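What follows is a short report on a single structure.
Quantities reported herein were computed from a predicted structural model and do not represent experimental measurements.
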Amino acid sequence: MEAFCIQCNHVTLSYENQVVVSDLSFTVREGEYLCIIGENGTGKSTLMKGLLGLKKPASGSIVLGTGIRRSQIGYVPQQTPVQRDFPASVWEVVLSGCLNSRGLRPGFGAKEKALAEEKMDLLGIRDLKKKSFRNLSGGQRQRVLLARSLCAAKKLILLDEPTAGLDPLATEEFYHLLLDLNRELKITVVMVSHAIQEALGHADHILYLSQTSYFYGTTQAYLDSDAADQFLNRCRGGK
């Protein structure tokens with residue numbers, strides 16, 4: 001059995017003093033690709049903060065697997081207008097992903113710079129190195145932020161609605177990119193997504209959150225469930 005990256009044990013989380021995630025248990029194993037989907041207000045982003053250690057559960061526990069520290073988790077947050085207008089070069093943004101690995105040393109050494117260049121090459125953005133982050137397209141910005149997260153990640157990356165605001169083509173390209181990272185580099189992927197069809201087409205596991213319950217299992221098991229029938233029908237505008 002594969003080692004686990006994250007294990008949630010009967011976790012309850014609150015947002016603005018309201019319980020939004022209740023008694024949630026699931027395990028993400030190394031090499032899996034999990035998409036977290038569901039209606040608005042069901043605690044998806046709050047759960048992401050819990051996985052990152054930014055939000056303490058009201059009850060239950062969130063356990064990281066052997067050899068994984070929270071400082072070594074890659075993270076791609078939701079883009080905000082402030083982030084999109086960040087006054088830095090692509091190189092500076094990607095290199096900032098090495099902050100935790102440099103320890104107490106001032107500045108970045110040859111090791112960190114080589115790592116940043118490696119991740120830029122991996123994601124095909126070397127030609128953007130000197131460009132301003134604020135002048136990039138949405139799809140380019142997400143590749144830059146993904147490269148930044150990979151500078152920190154050892155085994156695991158977390159993404160919170162990374163394709164929000166992207167056009168359909170850029171969304172599909174981003175999902176294919178994540179799938180390649182997952183399959184070829186064995187990076188474990190956990191992502192909150194509103195791009196339902198892309199999530200179902202690429203992830204191998206689904207965590208579906210609703211106001212009253214949740215489903216966790218393989219993508220096929222989810223598609224065969226009553227929860228999927230009801231939710232996907234609502235997404236299509238059904239009654």
Side-chain angles (χ1 to χ4, degrees), residues 1-8 11 21 24-38 42-45 47-52 62-68 70 72-79 97 119 122-124 139 142-164 166 168-209 214-225 227-228 231-232 235:
M1 181 179 293
E2 299 90 346
F4 73 86
C5 280
I6 299 175
Q7 192 171 72
C8 287
V11 168
V21 174
L24 176 64
S25 295
F26 66 95
T27 299
V28 182
R29 304 194 183 283
E30 286 187 13
E32 289 183 349
Y33 184 160
L34 169 69
C35 273
I36 303 170
I37 63 175
T42 54
K44 298 185 294 297
S45 291
L47 174 59
M48 186 64 69
K49 291 183 175 66
L51 299 181
L52 287 164
I62 299 174
V63 182
L64 296 182
T66 302
I68 299 176
R70 285 199 164 85
Q72 296 176 328
I73 296 175
Y75 177 50
V76 179
Q78 293 185 41
Q79 281 199 44
K119 302 310 179 185
L122 178 66
L123 298 185
Q142 290 303 72
R143 281 179 177 257
V144 171
L145 293 175
L146 184 55
R148 178 185 185 276
S149 76
L150 289 173
C151 285
K154 301 300 180 185
K155 300 179 180 179
L156 173 66
I157 56 174
L158 306 182
L159 306 97
D160 192 358
E161 297 184 34
T163 60
L166 299 187
L169 178 59
T171 295
E172 182 66 17
E173 289 177 346
F174 192 78
Y175 270 86
H176 278 297
L177 180 61
L178 286 177
L179 187 61
D180 288 342
L181 293 173
N182 174 251
R183 290 181 174 176
E184 296 177 14
L185 299 184
K186 308 304 180 185
I187 296 289
T188 305
V189 177
V190 178
M191 173 169 51
V192 172
S193 179
H194 280 151
I196 304 302
Q197 294 306 317
E198 287 79 7
L200 296 175
H202 292 82
D204 52 50
H205 284 73
I206 296 293
L207 173 60
Y208 165 73
L209 300 178
Y214 71 91
F215 175 97
Y216 175 74
T218 66
T219 301
Q220 189 57 56
Y222 173 70
L223 289 171
D224 292 337
S225 70
F231 178 57
L232 297 178
C235 290

Hits for ring pair (Phe, Tyr, Trp, His ring centres under 6.0 Å) against His205, two or more places apart or cross-chain, chain-then-number order -> Tyr216
If I compare all heavy atoms of Ala199 with all of Cys35, which pair ends up nearest, and what's the gap? CB-SG, 3.6 Å
Quick one: side-chain contact (heavy atoms from CB on, under 4.5 Å) partners of Arg70, sequence neighbours excluded? Ile62, Leu64, Ile73
Separation between CG (Leu159) and CE (Met48), nearest 0.5 Å, reads 7.0 Å
I'd like to know if the side chain of Thr219 and the backbone of Ala203 have a donor-acceptor N/O pair within less than 3.5 Å. yes
Please confirm whether the backbone N or O of Leu166 pairs with a side-chain atom of Thr163, one donor and one acceptor, at under 3.5 Å? no
Heavy atoms only: give me the nearest Phe215-Ser225 pair and the separation to one decimal. CE1-CB, 4.0 Å
The reported gap from CG in Leu47 to CG in Leu52 (rounded to nearest 0.5 angstrom) is 9.5 Å
Considering residues at least two apart in sequence or located in another chain, which fulfil the side chain to side chain donor-acceptor pair (under 3.5 Å) criterion with Asp224? Gln220
Please find the pair of heavy atoms, one from Tyr214 and one from Leu207, that lie closest to each other, and give the distance. CD1-CD1, 4.0 Å
Output all residues satisfying side-chain contact (heavy atoms from CB on, under 4.5 Å) with Gln72, sequence neighbours left out; order by chain, then residue number. Arg69, Lys154
Can you name the residues that form a ring pair (Phe, Tyr, Trp, His ring centres under 6.0 Å) with Tyr208, not counting sequence neighbours? Tyr222, Phe231
For Ala147, which residues count as a side-chain contact (heavy atoms from CB on, under 4.5 Å) partner, sequence neighbours excluded? Val94, Lys119, Leu123, Ile125
How close do Gly43 and Val21 get, counting heavy atoms only, and between which atoms? O-CG2, 3.7 Å
Could I get the full list of ring pair (Phe, Tyr, Trp, His ring centres under 6.0 Å) partners for His176, not counting sequence neighbours? His202
Can you name the nearest heavy-atom pair linking Pro162 to Val76, along with the distance? CB-CG1, 4.3 Å
For Glu198, check side chain to side chain donor-acceptor pair (under 3.5 Å) against everything at least two apart and list the hits. none
What is the distance from atom CG of Leu156 to atom CZ of Phe4, rounded to the nearest 0.5 Å? 12.0 Å
How far apart are the closest heavy atoms of Ile157 and Ala153, and which atoms are they? CG2-CB, 3.6 Å
Interatomic distance, CD1@Ile6 vs CG@Leu158, rounded to 0.5 Å, equals 5.0 Å
Among residues at least two apart in sequence or on other chains, which ones pass side chain to side chain donor-acceptor pair (under 3.5 Å) with Arg148? Ser96
CD1-CE distance between Ile37 and Met191, expressed to the nearest 0.5 angstrom: 11.0 Å
Measuring from Leu51:CG to Cys5:SG, what's the distance to the nearest 0.5 Å? 11.5 Å
Under 4.5 Å between any side-chain heavy atoms of Ile206 and Leu223, yes or no? no
Check salt bridge (charged side-chain N to carboxylate O under 4.0 Å, His left out) between Lys44 and all other residues, then give those that pass, not counting sequence neighbours. none
For Ser45, all residues meeting side chain to side chain donor-acceptor pair (under 3.5 Å), sequence neighbours excluded: Gln78, Asp160
Using the test side-chain contact (heavy atoms from CB on, under 4.5 Å), find all partners of Asp204 that sit at least two apart in sequence or belong to another chain. Glu32, Tyr33, Asn182
List the steps, then state whether side chain to side chain contact (heavy atoms under 4.5 Å, CB included) holds for Leu122 with Leu181. CA-CA 9 Å; Leu122 178 66; Leu181 293 173; 3.7 Å; yes
